[in-house]
Participant: 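Quick one: structure below, then a few questions.
Residue numbers begin at 1 in each chain, while the letters A, B, ... track the order of the sequences.
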Amino acid sequence: MKRKFIYIFLILSLLVSICFSLAMGAMEIPIKEVLLILGTKLGICSQVSEPQYETVLNLVRLPRVALGLLVGAALGISGAAIQGIFRNPLAEPGLIGISAGASLMAVLVIVLEVTVLSTLSSIVGYYLVAMGAFLGAAVSAALVYHLSKSEGRPNVATMLLAGIAINALCGALTGLITANADEQQLRTITFWMLGSLAGATWQTLFSVLPFILIPLALLPGQGRKLNAFVLGEKQADQLGMRTSRVKLRVVILCTMAVGASVAVSGIIGFVGLLVPHMVRLLGGVDNRYVLPASALMGALVLCLSDLLARMLTAPMEQPIGVITALIGSPVFLYILIKDKNAKS
Amino acid sequence: MLKVESLSYKIGNRTIINGVTISLRRGELLAITGANGAGKSTLISLLNGEKTAASGKIMLDGKSVQDYEPEELARKRATLSQHNAVNMAFSVEEIVMMGRYPYFTGKAREADQIAVSEAISVCGLTTFAERSYLKLSGGEQQRVQLARILAQLWDQPGGLLLLDEPIAGLDLLYQQQTLAIAKALTRKGFMVIAVLHELNLAAQYADRILMLKDGRRWKDGSPAEVLTALDIYSVFGLETEVVMSTKTLTPYIIAKEIRLAADEFNSMIVKEIPVKSQVI
């Protein structure tokens, strides 16, 4: 019953923040107009609004807000799922090398783009960085997964350690490339490493849509299995859960979701770590609830963060990764302290 | 019916379990006992499929355990492990309900609810049902885990319960209560294998005792057959006195006290030199 209210609360807050997010920005669009345009698009009403509002909404705001929702949902649900299989509330997709691999490849592409890849770049254009990032995420996650196997089964503790090693390696290589980049490249790299939804177009949106929608549809179905993981992997096996399969499935789905997100929006920290904690604080730890609720909460958090990123110093824009970390870290500390006090 | 034939397990060149054969009928409670490192827990993890035997066969109800689907096996066999670490604040009821996961996919059915509440009740956890598992004491957590694996086989008479040191860390009442539950279930056709260190409790509740030494079967039989002073000395290296209870006709073991002088094993303690009485 309580969880039903939480879902309703999350969905309503999401709708409200979508409306605000669409209305606010460098050019204010009255909320009434936003609703009218959306209504016309959905065929509910047919009223003509100002064409310039419609253009801004169509070309800039709608794809950006939609991308924010997708990326937020992807990061939120992946964080919850990864915390589930690692049985560790401090785990996040970054821990198994997904984000580090993605950023290494993205930085590499940015630096090489001008010199080596210029022909390729002219063909695939904007997608080159995104594709590189996705490839990096997939390769490092596969590597970590493979390294963690002992006696044919993935061992979670080794996976964590392998993740740390791969993270360090990717971090070092990224640093090496960054140190040797020129001014223009540095700006692009920094912008990308701090995360931003500014590059959102309908094209980018559709290019990541399947990579994010498939995990969003399939991960909630793993809730019961991830609950059993809480007892320990051996115990979950005794309940007939085929834990090796569950781990592989979750790692693949999270790599898809996070790899695609990082590819289009750069690195947006703290969402994957924090959102599941907020969700658990609201309605308990059952993963059948935590997974879908984390997707909703992630979308909400990112939608609001993007609004802040655009509005705080308007018309200048701040990187969204900075906003999520700025808000995220105190909230996380608050949760930690509250948890500590509750235990003692 | 469980049939285990010449089971062996090795780590590198070291043989941990060596040709152990067990036959367990429905309605029997078998206690496994032996010194630390004798291979008791390894034997349990071979029986529950956590480890794969180097050689030998495990047949459950006439079918090799390898031929079962994991879900099917989970409805026939449940294991209480020694180590249970839960780090999320699930409630006692939620944890016990996980024992029913092999039976339903969407919402718990009425049968699952009944199994859970009855298992919680027999383990004396009714007042804790809504509480967070993390806020319970070690012994209470142990009872929650017991309730969970009981719920897993609640409606499966003929199922196999593997209990690895089920009473370690429990108070006097729940040591008895746990074994009494196991015993009562065997009367309805369940099979129970329990690793027990307390020989007197094993004598009291087990139908048969399997004594292991260095991964081999030392002796297998009724408590009166297995628990002799000579066998206990051979396996544990401890002198005991075994008396037969005339009331229950089960052996009762009284361990001889070991006397040590601290200065003989701790060189940091100065040996006491007998002081001669001084005459002033």
Participant: Which region of B:Gln145, side chain (C-beta onward) or backbone (N, CA, C, O), has a non-hydrogen atom less than 4.5 Å from a non-hydrogen atom of chain A, or is it both or neither?
Facilitator: side chain

Participant: If you count every heavy atom of other residues, nucleotides or ligands that lies below 6.0 Å from B:Tyr174 atom OH, does the total exceed 12?
Facilitator: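 Count over threshold, so yes.
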
Participant: Can you measure from CG (A:Leu239) to CD (B:Gln152) and round to the nearest 0.5 angstrom?
Facilitator: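 Separation between the atoms: 5.0 Å.
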
Participant: Can you confirm whether B:Lys63 is buried at NZ, in the sense that more than 12 heavy atoms of other residues, nucleotides or ligands lie under 6.0 Å from that atom?
Facilitator: yes

Participant: Which heavy-atom pair separates A:Gln238 from B:Asn48 by the least distance, and what is that distance?
Facilitator: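 Smallest heavy-atom distance, with atoms named: NE2-O, 2.9 Å.
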
Participant: Would you say A:Phe9 has more than 12 foreign heavy atoms packed within less than 6.0 Å of its CZ?
Facilitator: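 At most 12 heavy atoms, drawn from other residues, nucleotides or ligands, come within 6.0 Å of this atom.
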
Participant: How close do B:Ala74 and A:Gly240 get, heavy atom to heavy atom, and via which atoms?
Facilitator: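 That would be CB-N, 3.6 Å.
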
Participant: For the candidates B:Ile95, B:Ile149, B:Asn87, which exhibits the highest count of non-hydrogen atom pairs separated by less than 4.5 Å from chain A?
Facilitator: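 Counting heavy-atom pairs under 4.5 Å, the top option is B:Asn87.
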
Participant: Select, from A:Arg280, A:Gln83, A:Arg87, the one with the greatest count of heavy-atom pairs under 4.5 Å involving chain B.
Facilitator: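 Going by pairs under 4.5 Å, I would pick A:Arg87.
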
Participant: Side chain, backbone, both or neither: which part of B:Glu71 has a heavy atom under 4.5 Å from chain A?
Facilitator: both

Participant: Please determine whether the number of non-hydrogen atoms from other residues, nucleotides or ligands lying under 6.0 Å from atom CZ of B:Arg25 exceeds 12.
Facilitator: no

Participant: Which region of B:Thr105, side chain (C-beta onward) or backbone (N, CA, C, O), has a non-hydrogen atom less than 4.5 Å from a non-hydrogen atom of chain A, or is it both or neither?
Facilitator: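 Both backbone and side chain of B:Thr105 come within 4.5 Å of chain A.
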
Participant: Tell me whether B:Phe104 at atom CZ has more than 12 heavy atoms from other residues, nucleotides or ligands lying less than 6.0 Å away.
Facilitator: yes

Participant: Measure across B:Phe90 and A:Asn227 and return the closest heavy-atom pair with its distance rounded to 0.1 Å.
Facilitator: CZ-OD1, 3.3 Å

Participant: After noting the C-alpha distance and the side-chain angles of A:Leu231 and B:Arg148, does the key distance pass the side-chain contact (heavy atoms from CB on, under 4.5 Å) rule?
Facilitator: CA-CA 10 Å; A:Leu231 300 168; B:Arg148 175 175 66 79; 3.7 Å; yes

Participant: Would you indicate whether B:Lys183, at its atom NZ, is surrounded by more than 12 heavy atoms from other residues, nucleotides or ligands within a distance under 6.0 Å?
Facilitator: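 Enclosed.
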
Participant: Could you give me the CA-CA distance, side-chain angles and deciding distance for A:Asp237 and B:Glu50, then say whether side-chain contact (heavy atoms from CB on, under 4.5 Å) is met?
Facilitator: CA-CA 8 Å; A:Asp237 264 326; B:Glu50 201 180 290; over 6 Å; no

Participant: Begin from the C-alpha positions of A:Gln235 and B:His83 and carry the test side-chain contact (heavy atoms from CB on, under 4.5 Å) through to its verdict.
Facilitator: CA-CA 10 Å; A:Gln235 283 80 349; B:His83 307 288; 5.8 Å; no

Participant: What's the separation between atom CE in B:Met97 and atom CZ in A:Arg224, rounded to the nearest 0.5 Å?
Facilitator: 11.0 Å

Participant: Which heavy atom of B:Pro70 sits nearest a heavy atom of A:Arg242, and at what distance?
Facilitator: CD-NH2, 3.5 Å

